[in-house]
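Structure first, then comments.
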Amino acid sequence: MSVMDIEKKIKDLTAELNHYNYQYYVLADSLISDYDFDLKLKELEALERQYPAFADPNSPTQRVGGDITSKFKTEKHRWPMLSLGNTYSQEELFDFDQRIRKIIGDQFEYVCELKFDGLSISLTYENGLLKKAVTRGDGTQGDVVTNNIKTIRSIPIRLKEGDYPSQFEIRGEIFMHKSAFLRLNKEREENAEQTYANPRNFASGTIKLQDSAEVAKRPLDCFLYFLYCDNRTNLFHDHWNSLEHVKSWGFHVCEHTKKCNSLADVFEFIDYWDTERHNLGYEIDGIVIKVNDYAQQEDLGFTAKNPRWAISYKFKAERVETTLNTISYQVGRTGAVTPVANLQPVLLAGTTVKRASLHNANEIARLDLHQGDTVYVEKGGEIIPKIIGVNLEKRLPDTTAFIYPDSCPECGTTLIRQEGEAVHYCPNETGCPPQIVGKMQHFIGRKMMDIEGMGDETVETFFRKGLLHNIVDIYGLKDHQEDLQQLERFGQKSIDNMLAGIEKSKEKPFEKVLFSLGIRHVGETIAKKLAQHFKNIDALAQASTEEIEGVQDIGRRIAESVKEYLDNPIHQQQLISLRHYGLKLEIEEREIILASENLSGKTFLISGVFADYSREQLAELIESNGGKMLSSISSKLNYLVAGDKMGPSKLAKAEKLGIPMINEQDLLDLIHSK
Ligand code: IVH
């Protein structure tokens, strides 16, 4: 397909999918099966990935992922659901306060509320009945999850008798209590089901379930914290009164809310909850500070993303104490042995922490960890928990220090540690089970050979059943149909799908194959550099360590690792087999079939924007007529193809060097002149 055809294909697919979406979500009319829709969406996604310049920013692919799923009807919010600006210090809050004073003067109050760590929801009531519940989504539109929300008992489906307006929207936060989270997660663990990292994820995973009956089994709660309706000021003058009042309509409003007349009062509220939050039955991650008066809120208005009348204060990273039970040693696909601390489960920053990485032997020695120690655990960047020290006062008498093992916990081979490296390795690359499985799992991964229909679990099962021993065996699976059919939960459709995925992976370029091999220290970028430099596996295999090190950005450690891998007869044999199966072990030079040679010997540079062609299209046109593209202006340049909005420095340089500037039409004339 030419570049122009691709651009057209992307445009057509975008329009087609947008039309289906409109018919389905707005007119409730389904013109295409879900399966066919997904196929088309995937096709568009792939094209957009390859040619991002042609992607429409509002492409239907942008709606899947993030918070909007394709499973629920999507609806636009009448009032956008904005997020709050975050602050982390008293100084930042002081600045917020100053900004407000500049606009509305000194006569105002704040309302301080807890910042619940859940997912926000917008509820619409009509004549006292819950009509609609919509998630925040991207702030402009969200998923309609009314049926699921109706299972939350603290949300009224019918309001109590009261003076509520005939139509209004109320917003709040859905969350799961810590106790319910711990109980349900434990149950899931016992049933070998996937557990959730924290109550927030559990709550949002639950709201996204298709089956409301399942939602009903998981206890969720909701605090409401904001009211919207037409002519709201006819009902209330301020936020505080609205919250007080909506309680009488049947809404659950948190009692830990305070009206503050000064910033000092706000700081006091923050300090109190910074420690007291640990005694709450639910997670909060900060405090929300809102200007109380509605008229003043209106005067303050909004920035593009946040209201100017409200802000959040986020609490600092949490640290907890817990017991270090044992240390286990995990062997990765490269043989690296990573110590992992097994802790007495503890809730930290909203997550149950059971394990913490200890990195390497040096870390264990540095922390001087003893059996049964009480350790301080912190969450760095909210992702991986870390042991930051030992509470020596609580060290048990007669406990012994942990000693790093000298043999592999999986296969018993003596571990090695290379000079200058902190990590221990198990050298038994071809006989140590987690290394064998890990290498195959790496090989099939999405960023590697991307074998569809084959997952990590499949690899593990096939390894256990003796169907896979190394990456080469993956390509021999097609000759084991009968063995595959014997496997439980592996139907013919799955087998066919997997075999098709394996076959398709043979199209992956050399750089991907090289990356997929899992050579220690060879990541995606290094693999690309090696492939581009050596062009094929034979040249790379014949290169000396020094020659490999000569490639830009490749250091001694990487070069030695590549050399060692390719010198290993087992790997050499595997590469022969992979070639035999048809994998690409050399780069494919792009073959350009020339439309003409009318630009041959001429060099071009394209700058600016053009009415009828994209820059990529023009470059393709030049190259397909024998011209050569240059990347900068120099005396070697024959023509500068100049469009609108060209940078002034480029213009000046081209003028200085006397390089002829041509437009699109001149270029076409040049091509067609002979
Ligand atoms: S008021 C226009 N109040 O924090 C402001 N939000 O980044 C509307 N949140 O998306 C939000 N507790 O999910 C407000 N007491 C509270 C809150 C709260 C939690 C969440 C909410 C919002 C996010 C703001």
Side-chain angles (χ1 to χ4, degrees), residues 66-68 77-88 92-93 96 100 110-123 133-143 145 149 152 154-155 168-177 198-201 203-204 207-208 220-229 232 238-240 242-244 246-247 251-260 266 269-270 273-274 277 280-294 296-315 349-350 382:
D67 206 22
I68 299 173
H77 296 297
R78 181 160 172 213
W79 292 277
M81 286 183 83
L82 298 180
S83 58
L84 297 170
N86 289 326
T87 55
Y88 298 88
E92 285 174 285
L93 274 186
F96 166 72
I100 289 176
Y110 286 121
V111 174
C112 287
E113 295 168 21
L114 304 184
K115 187 168 186 303
F116 314 107
D117 194 13
L119 67 144
S120 43
I121 194 83
S122 171
L123 310 173
V134 187
T135 64
R136 179 173 182 274
D138 62 4
T140 308
Q141 53 188 354
D143 289 338
V145 289
I149 290 301
I152 303 176
S154 56
I155 295 181
F168 68 91
E169 221 176 290
I170 191 159
R171 292 183 178 170
E173 200 84 354
I174 296 186
F175 62 95
M176 186 178 273
H177 288 265
N198 55 49
R200 186 193 50 229
N201 289 1
S204 71
I207 286 303
K208 296 290 171 61
L220 295 176
D221 204 342
C222 180
F223 279 132
L224 283 312
Y225 49 62
F226 209 73
L227 178 79
Y228 274 109
C229 63
R232 188 175 51 179
D238 60 41
H239 176 60
W240 179 268
S242 79
L243 286 189
E244 281 300 304
V246 299
K247 285 184 201 167
F251 290 112
H252 193 195
V253 176
C254 179
E255 74 262 39
H256 306 306
T257 302
K258 195 179 168 201
K259 223 187 315 186
C260 296
V266 172
F269 187 83
I270 290 174
W273 285 107
D274 199 358
R277 65 188 156 127
L280 283 170
Y282 45 86
E283 290 289 330
I284 62 168
D285 59 348
I287 297 296
V288 178
I289 301 118
K290 299 173 183 170
V291 169
N292 188 22
D293 189 85
Y294 281 152
Q296 289 179 326
Q297 285 187 4
E298 209 155 288
D299 287 347
L300 286 160
F302 298 86
T303 68
K305 285 196 292 186
N306 314 117
R308 282 201 194 87
W309 43 264
I311 205 150
S312 82
Y313 175 91
K314 299 270 256 185
F315 294 130
E382 287 270 21

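In each ligand, atom 1 is the first atom listed, and ligand 1 is the first ligand listed. Reckoned from all heavy atoms, side chains included, excluding hydrogens, waters and symmetry mates.
Of all the atoms in ligand 1, the ones that sit under 4.0 Å from a non-hydrogen atom of K115 are 4 (O), 12 (N), 19 (C).
In this structure, the protein non-hydrogen atom closest to atom 22 (C) of ligand 1 is Y225 OH, 4.1 Å. Atom 10 (O) of ligand 1 has as its closest protein heavy atom S120 OG, 3.6 Å. Among all non-hydrogen protein atoms, the one lying nearest atom 8 (C) of ligand 1 is L82 O, 4.4 Å. Protein heavy atom closest to atom 15 (N) of ligand 1, with residue, atom name and distance, is E113 OE1, 2.9 Å. The closest protein non-hydrogen atom to atom 20 (C) of ligand 1 is E173 OE1, 3.5 Å.
In this structure, E169 pairs ionically with R171, as a charged nitrogen and a carboxylate oxygen lie closer than 4.0 Å. Contact check on R200 versus E283 returns no salt bridge, with no Lys/Arg side-chain nitrogen under 4.0 Å from an Asp/Glu carboxylate oxygen.
Under the 4.0 angstrom criterion for non-hydrogen atoms, K290 is in contact with ligand 1. The shell of residues lying under 4.0 angstrom from ligand 1, judged by heavy atoms, excludes F226. Distances shorter than 4.0 angstrom occur between a heavy atom of L114 and an atom of ligand 1. At a 4.0 Å cut-off, at least one heavy atom of P307 sits close enough to ligand 1 to count as contact.
Looking at Y228, F302, F116, it is F116 that brings a heavy atom closest to atom 19 (C) of ligand 1.
Within a 6.0 Å radius of NZ in K247, other residues, nucleotides and ligands contribute more than 12 heavy atoms.
Within the model, atoms CH2 of W273 and CZ of F315 stand 9.0 Å from one another, a figure rounded to the nearest 0.5 Å.
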Task: Step-by-step ring pair (Phe, Tyr, Trp, His ring centres under 6.0 Å) determination, F175 to F223 - done: CA-CA 8 Å; F175 62 95; F223 279 132; 5.1 Å; yes
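Residue L84 touches ligand 1 through backbone and side chain together, judged by heavy-atom distances below 4.0 Å.
A centroid separation of less than 6.0 Å is found between the aromatic rings of H239 and F226.
Between the side chains of Y228 and S122, no donor-acceptor pair is found at a separation under 3.5 Å. Under the 3.5 Å distance criterion, with hydrogens and angles disregarded, a donor-acceptor pair is assigned to the side chains of E173 and Y225.
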